[in-house]
Amino acid sequence: MHSSDCVDLPQQLIHSIHQALDLNPDSINNPLDELSNEFKSVDVLNQLFPDGNTDSLHVQKPPLSQLEAVQGRLAEDERLLQQEILMLEDELGRDQDPSRIQLIQEMISDVLGQMSRIREKASESEAVVRNITKDIQNLDLAKKNLTTSMTTLKRLQMLGNALTQLEDQVREKRYSEAAQTLAAVKEISAAFKSYTTVPFIARLWKRVQQVTGEVRAQVDAEFEAFYLQDPSKLTRTSQITDACAVVDVLGLDVRTQLIERYVAIELKEYRRIFRANDEAGHLDNISRRFAWFRRLLTSHETETDRVFPVEWRVGWWLFTKFVAITRDDLSTLLSKAGPSLTLKLLLETLQQTTEFESAMSKKWAAPVALGQLDEILSAASSPTAPVQPMSSAFEPHLGIFVEAQDKALADMLAPHRNPKTRGSLDAVTRPSTAGSTPRASLSADDRGELTPIVMPSSTELFYFYAQSLDQCAKLSTDQALFDLYGIQKKWLKIYAGPPHTPTRKSLDAHFDAAELRRTCLVVNTADYCQRTALELEDKIKEKIAERFKEKVTLQMERDLFMSVISGAINCQLRELETACEGAFTALSRVNWSVPNQVTGYSAYVDDLVKVIEQVADQIKHLVEQKKFVRNLLDKACGLVLTRFTNALIKSRPLREIGAEQLLIDLGVLKSCLLKLPDHDISPVHSYTRSLTKITTRLEALLKVIVTPVDPAEGFILNYTLLIGDASFSNFQKILDLKGTPKAEQNSLLDAFVTIASTKTELNSTSFLSSLDMDPPPTVTCGSPGASRVALPLVMTPSGGSDGALGVLNSPPSSGPPTGLSTEGTAMKGSEPGQKREVFSDIRRFVSFGLRRDTQPT
């Protein structure tokens, strides 16, 4: 039987059957009782016959012994189900008896009738209760209306009495009592605002407004008479003090109007005396303005201020109005001055202004939450038109100050920008700046002379920067300070400047000690400048306005100083290369066919080691930052080993004795290079590892050359063991270095091709692949290992003028950049994982075959 034979029942029908039979689908244990479209007859048969065999349809094949028992059990289940169906049919027949259904309908009708009668009785009861409580509700409403009427009439009576008292008190100028009465009138009258449609209330409301107006007019007259009387004859101070209480009740607008009137009268004389077109109102007389206001404020505090309440802050209003008038006058005077405005007058005037504002701010610091000038000005001015400080009038004219700083920097750096007047470059000075100060110690050279650690001009420059920055920050932290930042940024770039080519004082093969000292001075100075420039950037960001902070950066200038350091190091390497030129020339001219035995290291090695040690010792002693010394040693190591390799190639043929001699010379040179780093130059182990890597390859090259070509198989196996490649061209380079005759090379090359083709583990290239058999006379400075200080090779010019640090020339720009390994110039190791090829170029193989055929025997 397949599951497809089942009859699919609608889901709604299955759900209805479950409800009718009160069945829970989750509690059905017998799968035959389950009504579902997911009924699986195969699973039922497998449950009935669990011990049978399984056929291709996964149906258990029952044994014959169980078949009768299962049939009997199913027949019994069928009989029980049939009995249950008959019982249910009998019960359904009884439930569907017409007489019983009629009885049930009659009972339902009786229930509905009783519910209707209950509803009618409830309505009758509600009507009875409403009639009983109707009089009580009317009495409650009458009580509420009576209470409200009594309260309103009482308030109306109180308002009338208060108005009468207020009129009498104002007429008799009893302002202390009038203030309390007026406050009561305003509070009581507010309750009648909704009743103004009533004629009597409307007349009373009009009377309140009229009396309030009369009070205000009389108070205005009192204050006007008080303002205009002789200050030395104040006779009504207590009366005015009481009137201030009435003003507070009248409202803030009345108080503001009276204070502004008082301020206008007090400053009327100031406007007359210090008019912009009079002598007293000129910029150079600004101190007289401040002195006049101080006298006015003193007179106000001693004679008039005690009349006004403290919370009125009349002194603030006086100061704010004075600031507004003076700022307008200053703006007019500064605009009229135009080109005739001098820096001295501008700074003196601005300094006096800021000092006056600071003094006033400190004077009222206690009552102010933040104690700031802006708090005082905003508290005593209109929110829609706040008063700005007087010093803000100078902001558009501070370009004069910035231009003066630009001119001062140009004059200060003029001697240092001119190579002919650089006498102060080597002057002994103690470096100092406001921000960062290098080690203030001086070193002595071999002649007992003192050498400065950094150029004096650098310390002077940053000291001037710190002073001008502090001075400008006191004047303004907005656009003027940002403009000053632009000027300082420009002169930092000019100070670093592009290099010009210096001329050597002599053409001999010795290094120039004075030139080395100058390069060390440049390294120290450029490092000091780039570190101090970072501190300068932080200080500018600390002082400048928030909207300019993101625009402030000196990273480009710091990178330029790092380029200067790179150029100086390259100049030091050039001096080292010049000093080593004689030794390498001697090496390249050695005829290795003459010696027949090895007697120790060669004579040129002594000169080479001596020069390297002298140059390194001088630089290590004079350069402050040891990371730059490490960078120089990396490059110097690569330079020396590259020149050694090039000289070795030029001196070919080497022969076995020559290669053995060169191995000894290389060992002495390696020992010298390993001793160059001091303990304070880290990491020494990486330098040693890089140096050892290159010298190991050189040693492998020389060891292959030392090996005799006879027997050929042994020579080739030694090559594959030491060099580790199957390159035809690389093997030919070894034969050329050994000076092997052309006739012997053919047989050796044939044998090499045969042997290399059987060694699949060999690489297709090695460090010999980049070995130039016709090296140039000079090399680009390289490094045996990656330096920790990444410096560019050549300084990139960014301006048209020579800078104070632009006194050095860089090596040629061709070749790998500074900091790369020498492996990229003279020797390049094989890359792991490259595909092995005996002949990577088919044309090379064809040319080799043609050469063999045409080679004379």
Would you indicate whether the side-chain heavy atoms of Gln572 and Val615 approach each other to under 4.5 Å?
no
Looking at every non-hydrogen atom in both residues, tell me the closest pair between Gln597 and Ile657 and how far apart they are.
N-CG2, 3.9 Å
So do Phe561 and Leu492 actually touch side chain to side chain, heavy atoms under 4.5 Å?
yes
Quick one: does Thr688's side chain get under 4.5 Å of Leu674's, heavy atoms only?
yes
To the nearest 0.5 Å, how far apart are CE in Met412 and OH in Tyr495?
9.0 Å
Sub-3.5 Å donor-acceptor pair from the side chain of Ser563 to the main-chain atoms of Asp559, do we have one?
yes
Beyond-backbone contact of Leu768 with Ile734, side-chain heavy atoms, under 4.5 angstrom
yes
Contacts of Lys489 that satisfy side chain to side chain donor-acceptor pair (under 3.5 Å) - sequence neighbours left out:
Glu557
Going by salt bridge (charged side-chain N to carboxylate O under 4.0 Å, His left out), name the pairs with one or both residues in residues 605-620, residues two or more places apart or in two chains.
Asp617-Lys620, Lys620-Asp678
Which ring pair (Phe, Tyr, Trp, His ring centres under 6.0 Å) pairs, counting each pair once, include a residue from residues 690-725, with sequence neighbours left out?
Phe715-Phe731, Tyr719-Phe731, Tyr719-Phe752
Does the side chain of Thr720 come within less than 4.5 Å of Asp725's, by heavy atoms?
no
Between Glu624 and Asn524, is there a donor-acceptor pair closer than 3.5 Å when you use the side chain of the first and the backbone of the second?
no
One pair to check against side-chain contact (heavy atoms from CB on, under 4.5 Å): Leu641 and Leu673. What are the steps and the verdict?
CA-CA 10 Å; Leu641 292 176; Leu673 295 175; 4.0 Å; yes
All side chain to side chain donor-acceptor pair (under 3.5 Å) counterparts of Thr695, not counting sequence neighbours
none
Ile649 backbone acceptor or donor facing Arg652 side chain under 3.5 Å:
yes
What's the separation between atom CZ in Arg689 and atom CD1 in Ile694, rounded to the nearest 0.5 Å?
12.5 Å
After noting the C-alpha distance and the side-chain angles of Thr645 and Leu771, does the key distance pass the side-chain contact (heavy atoms from CB on, under 4.5 Å) rule?
CA-CA 9 Å; Thr645 304; Leu771 183 64; 3.9 Å; yes
Can you check side-chain contact (heavy atoms from CB on, under 4.5 Å) on Leu534 and Leu536, steps first, answer last?
CA-CA 5 Å; Leu534 179 60; Leu536 176 65; over 6 Å; no
Considering residues, nucleotides and ligands other than Met773, do more than 12 of their heavy atoms fall under 6.0 Å from its CE?
yes
Do Leu701 and Arg697 come close enough that some side-chain heavy atom pair is under 4.5 Å?
no
Quick check: does any side chain N or O of Tyr687 sit under 3.5 Å from a backbone N or O of Asp634, one acting as donor and the other as acceptor?
no
Closest non-hydrogen atoms of Leu762 and Gly724, given as atom of the first, atom of the second and distance, are CD2-C, 4.0 Å
Residue set satisfying side chain to side chain contact (heavy atoms under 4.5 Å, CB included) with Pro653, at least two apart, ordered chain then number -> Arg655
What's the verdict on side-chain contact (heavy atoms from CB on, under 4.5 Å) for Thr532 and Tyr465, showing C-alpha distance, side-chain angles and the deciding distance?
CA-CA 11 Å; Thr532 312; Tyr465 274 11; over 6 Å; no
How far does NZ of Lys759 sit from CD1 of Ile716, to the nearest 0.5 angstrom?
10.5 Å
Minimum-distance pair of heavy atoms, taken over all atoms of Gln618 and Ala513:
NE2-O, 3.5 Å
If you round to the nearest 0.5 Å, how far is CZ of Phe464 from OG1 of Thr459?
14.0 Å
Shortest non-hydrogen contact between Phe462 and Ala533, atoms and distance:
CE2-N, 4.0 Å
Crowding at NZ, Lys490 (>12 non-hydrogen neighbours, <6.0 Å)
yes
Side chains of Leu409 and Leu461: does their closest heavy-atom pair fall under 4.5 Å?
yes
Donor-acceptor pair, side chain of Thr525 and main chain of Met455, under 3.5 angstrom
yes
Value for CH2 (Trp592) from CG (Leu648), rounded to nearest 0.5 Å, stands at 8.0 Å
Walk me through it: do Thr740 and Gln745 pass the test side-chain hydrogen bond (donor to acceptor under 3.5 Å, both in side chains)?
CA-CA 6 Å; Thr740 306; Gln745 285 191 18; 5.4 Å; no
CG of Leu521 to CG of Leu516, rounded to nearest 0.5 Å, is 12.5 Å
So, does Asn763 use its side chain to make a donor-acceptor pair with the main chain of Thr765 at under 3.5 Å?
no
Results of side chain to side chain contact (heavy atoms under 4.5 Å, CB included) for Arg589 - residues two or more places apart only
Thr585
Do Leu669 and Val605 have side chains that get closer than 4.5 Å, going by heavy atoms?
no
Test of understanding: with side chain to side chain donor-acceptor pair (under 3.5 Å), list the residues that count as partners of Arg558, not counting sequence neighbours.
Gln530, Gln555
Under-4.0 Å salt bridge between Arg518 and Glu515:
yes
Looking at every non-hydrogen atom in both residues, tell me the closest pair between Leu698 and Leu666 and how far apart they are.
CB-CD2, 3.6 Å
Which pairs with one or both residues in residues 519-529 pass salt bridge (charged side-chain N to carboxylate O under 4.0 Å, His left out), sequence neighbours excluded?
Asp527-Arg531
Considering residues at least two apart in sequence or located in another chain, which fulfil the side chain to side chain contact (heavy atoms under 4.5 Å, CB included) criterion with Ala659?
Leu702, Ile705, Val706
Is it the case that the side chain of Ser671 and the backbone of Gly667 share a donor-acceptor pair, with hydrogens and angles ignored and the cut-off at 3.5 Å?
no
Could you list the residues that satisfy side chain to side chain donor-acceptor pair (under 3.5 Å) with Ser602, not counting sequence neighbours?
Gln661, Asp665
Exercise: identify the closest heavy-atom pair between Leu691 and Lys670
CD2-O, 4.1 Å
The complete set of side-chain hydrogen bond (donor to acceptor under 3.5 Å, both in side chains) pairs with one or both residues in residues 699-713, sequence neighbours excluded, reads Thr707-Asn718
The criterion is salt bridge (Lys or Arg N to Asp or Glu O under 4.0 Å); which residues satisfy it with Glu537, sequence neighbours excluded?
Lys541
